[in-house]
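Encoded as structure tokens, the structure appears first; notes follow it.
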Amino acid sequence: MASSISRVSQADTTEKRRKLELRLGADRFSPGWLGAVVPAVVAVFAALLRFPGLSDPHALIFDETYYAKDAYALLEAGYELEWPEGADDVWLAEGETPQPGAAGSYVVHPPLGKWLIAIGIHLFGIEQATGWRFAPALAGVLGTLLVALVAQRMFRSVFLGGVAGVLTAVEGHHLVMSRVALLDIFLMLFVLAAFAALLADRYSGRRRLAAWAAETPSDSQLWTAGPWLLWRPWRLVAGVLLGCAVAVKLSGLAFIAVFGIMVVLWDIEARRTLGIRRWLLGGLLRDGLPAVLTVLPMALLTYLASWTGWLLGERGWDRDAHPNPLVSLWRYHSSATDFHTGLDSEHEYASHPWTWLFAGRPVSMHYQSREEGEAFEHTAIGGEPAVVCPYDHCSSAVLDLPNPLIWWTGVIALLLVLLLWFGRRDFRYGAILAGWVGGFFVWLLVLMFGENDRTMFFFYTISYHPFLILAITAVAALVLRVGTSPVGRDGQSRPKSQIISAQQRNTVMVLCFVLLAIAVSAYFWPLWTAEIIPYEQWRQRMWLQSWI
């Protein structure tokens, strides 16, 4: 009899826990084998768009002239070195071995992104541009995979995960930043990975809360503030990843602040929903404080670890400014901060953050124009002769231009998500907005409280690119639900056939958008990959005068 009572009690507890998980939005999701296959296929698709032709153009385009050479120097010395004048020509010359100088170089970005570029150089050398572009391409593929997985979990749909992944794979801004040796694609990857880790922590933490609530009597004093959830490994992972983001670019600090506020609000809301009496105090003291005391030190240690080569070296720039290397590093950062806040040099492709919303001024990474019979020097790869212009007038470009359909739809979707968050308080909408705020509003704050003429570029937006895609996915999720509820607005039950018809119609609508986005990407493909096309075709793709 006692055994039977125990089994009934255990079954009641399990059912209660399941209902609490549902109330907390942490019910389990099992996507099955398609949940692994679809993101993997999308990642392969992204790789097929990013790796072929990675060495074209064979040139140090845009800021590759800094980061590729810094990466090479890190392999040689463990810290950045100065390069002699004319080093780019030696770097690109066949059979030449570039040699940096002996003196440490002053750089304003932390070293992790350049260390990642150095991995590709170590694997493939510098004879072809694949060496210094391999790591960014891999980061782009991993970012596409993560977007698909995050969307799949957030919206509990393998189909929507695939939509998010495909849109990321074909989007031109993401594609270009995956095929050039700049730092921002790594910032995007670490920010997105940290976001995914915090999502995992949200689900696991709430399931632990549900288990505690199911087993704790309602009259217990423990309901005053709720339990301590001290061991939260996913938060430690997020701390490491956010430290990596800052170790790529200091603008990653904005995501630490925004994501920190986001998770504290999640914790407070979870305790309030559960019925804990002092939910605000419990959320701040028993969730927020441990997070501050664990995540921030983990991020700091990760960041300091990225400077190991400079700290242990002897000739890094200003390394000997103080006997204590950490004091020297602090002074270094003070100098870099002054540089960033005062950066106001004019640049042809600089742009204001408000113009980023409609891609008003994309960055031209590379452009060459030739007459018929003239050679494009950047196509001379691996000893092959340079390609000559086969038309009256030819153009070859790498323009950091987003797919207009995806980008402009994404901005509208962000506005809709903002309105939906105000109306429904769905955590998914708030999470998407948090990622966008971390990547966009930091630059508005720089303008408001820093130098008004601070030089900024459109490619900074790649840090919040995944959240723009997730905003589109959120709207697609709403489209899929139109007309599919069992009861219509008139209160009448819908026939099953009508619901199925609505589901099919909605799915076709979403697929049509994806196919149209792919078609637009195919149209703009030559502008993203340095393909040689007639000048007239290049000019036809310049929809706005500011794109030229």
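Treat the numbers as computed from the prediction; the structure is a model and nothing was measured.
For the pair Phe159/Leu34, no side-chain contact is recorded, criterion being any heavy-atom separation below 4.5 Å from C-beta on. Here the side chains of Ile518 and Val166 are in contact, with some heavy-atom distance below 4.5 Å. Counting heavy atoms from C-beta outward, Phe195 and Val150 have side chains that approach closer than 4.5 Å. Looking at Asn403 and Ser521, their side chains come closer than 4.5 Å, going by heavy atoms from C-beta outward. The shortest side-chain heavy-atom distance between Ile117 and Leu183 falls under the 4.5 Å cut-off. For the pair Pro290/Trp228, a side-chain contact is recorded, criterion being any heavy-atom separation below 4.5 Å from C-beta on. Leu289 places none of its side-chain heavy atoms less than 4.5 Å from the side chain of Leu284. At least one side-chain heavy atom of Ile469 sits under 4.5 Å from a side-chain heavy atom of Ile406.
Checking side-chain atoms of Ser351 against main-chain N and O of Phe457 turns up no donor-acceptor pair under 3.5 Å. Not one N or O on the side chain of Thr473 forms a donor-acceptor pair closer than 3.5 Å with the backbone of Leu160. Gln152 contributes no side-chain N or O that, together with a main-chain N or O of Ser157, makes up a donor-acceptor pair within less than 3.5 Å. One N or O on the side chain of Arg271 and one on the backbone of Pro227 form a donor-acceptor pair closer than 3.5 Å. Using modelled atom types, one side-chain atom of Lys114 and one backbone atom of His109 make a donor-acceptor pair closer than 3.5 Å. Between the side chain of Arg425 and the main chain of Trp421, a donor-acceptor pair closer than 3.5 Å is present. In this structure a side-chain-to-backbone donor-acceptor pair under 3.5 Å is missing from Ser501 to Ser497. A side-chain donor-acceptor contact under 3.5 Å links Arg494 to the backbone of Ser485. For the pair Arg319 (side chain) and Leu311 (backbone), a donor-acceptor distance under 3.5 Å is present. Side-chain atoms of Ser220 come within 3.5 Å of backbone atoms of Leu222 as a donor-acceptor pair (strictly under, hydrogens ignored).
The minimum heavy-atom distance linking Ala413 with Ile472 is given by the pair CB-N, 3.8 Å. Shown here for Val264 and Gly288, the closest heavy-atom pair between the two residues is CG2-CA, 4.2 Å. The two residues Met188 and Ala139 have their closest heavy-atom pair at CE-O, 4.5 Å. Residues Gly143 and Leu192 approach most closely at O-CD2, 3.5 Å, considering heavy atoms. When all heavy atoms of Leu20 and Ala214 are compared, the pair lying nearest together is CD1-N, 3.8 Å. Across Val163 and Val510, no two heavy atoms sit closer than the pair CG2-CG1, 4.0 Å.
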Q) Taking it one step at a time, do Leu478 and Val482 satisfy side-chain contact (heavy atoms from CB on, under 4.5 Å)? A) CA-CA 7 Å; Leu478 295 177; Val482 174; over 6 Å; no
Q | Pair Val107-Tyr67, side-chain contact (heavy atoms from CB on, under 4.5 Å): steps then yes or no | A | CA-CA 10 Å; Val107 295; Tyr67 304 136; over 6 Å; no
**Q.** Worked verdict on Leu301 versus Val240 for side-chain contact (heavy atoms from CB on, under 4.5 Å)
**A.** CA-CA 8 Å; Leu301 290 174; Val240 171; over 6 Å; no
Q: Check the pair Phe259 / Trp266 against ring-ring contact (aromatic ring centres under 6.0 Å, His included), numbers first and verdict last.
A: CA-CA 10 Å; Phe259 286 171; Trp266 284 353; 8.7 Å; no
(Q) Working note: Phe186 + Trp115, criterion ring-ring contact (aromatic ring centres under 6.0 Å, His included); need CA distance, chi angles, decisive distance, verdict. (A) CA-CA 11 Å; Phe186 303 120; Trp115 273 115; over 10 Å; no
(Q) What verdict does the side-chain contact (heavy atoms from CB on, under 4.5 Å) test give for Trp234 and Leu199, after you've listed the backbone C-alpha separation in whole Å, the side-chain angles of each residue and the deciding distance to 0.1 Å? (A) CA-CA 9 Å; Trp234 281 114; Leu199 277 180; over 6 Å; no
Q.
Show, in sequence, the C-alpha distance, side-chain angles and deciding distance for Trp443 and Tyr460, and conclude whether the ring-ring contact (aromatic ring centres under 6.0 Å, His included) test is met.
A. CA-CA 9 Å; Trp443 298 110; Tyr460 294 175; 4.6 Å; yes
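Salt bridge annotation for Arg428-Asp426: present, with a cationic side-chain nitrogen under 4.0 angstrom from a carboxylate oxygen. Under a 4.0 Å N-O distance rule, the pair Arg207/Asp27 does not qualify as a salt bridge. Ion pairing of Arg286 with Asp267 is absent here, as no side-chain N (NZ or NE/NH1/NH2) approaches a carboxylate O to less than 4.0 Å. No salt bridge links Arg208 with Glu21; every basic N to acidic carboxylate O contact stays at or beyond 4.0 Å. Remark: Asp201 does not engage Arg206 in a salt bridge, criterion side-chain N to carboxylate O under 4.0 Å.
At least one test fails for Arg277 against the ring of Trp279: distance under 6.0 Å to the centre or angle within 45° of the axis. Relative to the ring axis of Tyr203, Arg153 places its NZ or CZ within 45° and under 6.0 Å from the centre. Judged by a 6.0 Å distance limit and a 45° cone about the ring axis, Arg202 is positioned over the six-membered ring of Phe427.
Aromatic ring centroids of Phe51 and Phe134 lie under 6.0 Å apart. Between Trp223 and Trp212, the gap from one ring centroid to the other is short of 6.0 Å. Ring centroids of Trp307 and His333 are separated by less than 6.0 Å, placing the two rings close together. In summary, the aromatic rings of Tyr332 and Trp310 are positioned with their centroids under 6.0 Å apart. Residues Phe459 and His173 place their aromatic rings such that the two centres sit no closer than 6.0 Å.
We find the CG-OG distance between Asp184 and Ser463 to be 7.5 Å, quoted to the nearest 0.5 Å. Annotation: the span from Trp407 atom CH2 to Trp356 atom CH2 amounts to 9.5 Å, rounded to 0.5 Å. With values rounded to the nearest 0.5 angstrom, Asp400 atom CG is found 10.0 Å from Leu175 atom CG. Rounded to the nearest 0.5 Å, atoms CE (Met298) and CG (Leu296) are 11.0 Å apart. Atom CD in Gln498 sits 10.5 Å away from atom OG1 in Thr484 (nearest 0.5 Å). If you take CZ on Arg232 and CG on Leu230, they are separated by 9.5 Å, rounding to the nearest 0.5 Å.
Using cut-offs of 30° and 60° for the angle between ring planes, the His465 and His174 rings count as tilted.
Around atom CZ of Arg505, more than 12 heavy atoms belonging to other residues, nucleotides or ligands sit under 6.0 Å away. For Arg156, the CZ atom counts as densely surrounded, since its 6.0 Å shell holds more than 12 non-hydrogen atoms of other residues, nucleotides or ligands.
Between the side chains of Glu269 and Thr273, a donor-acceptor pair is found at a separation under 3.5 Å. Using modelled atom types and a 3.5 Å distance limit, the side chains of Thr224 and Arg278 yield no donor-acceptor pair.
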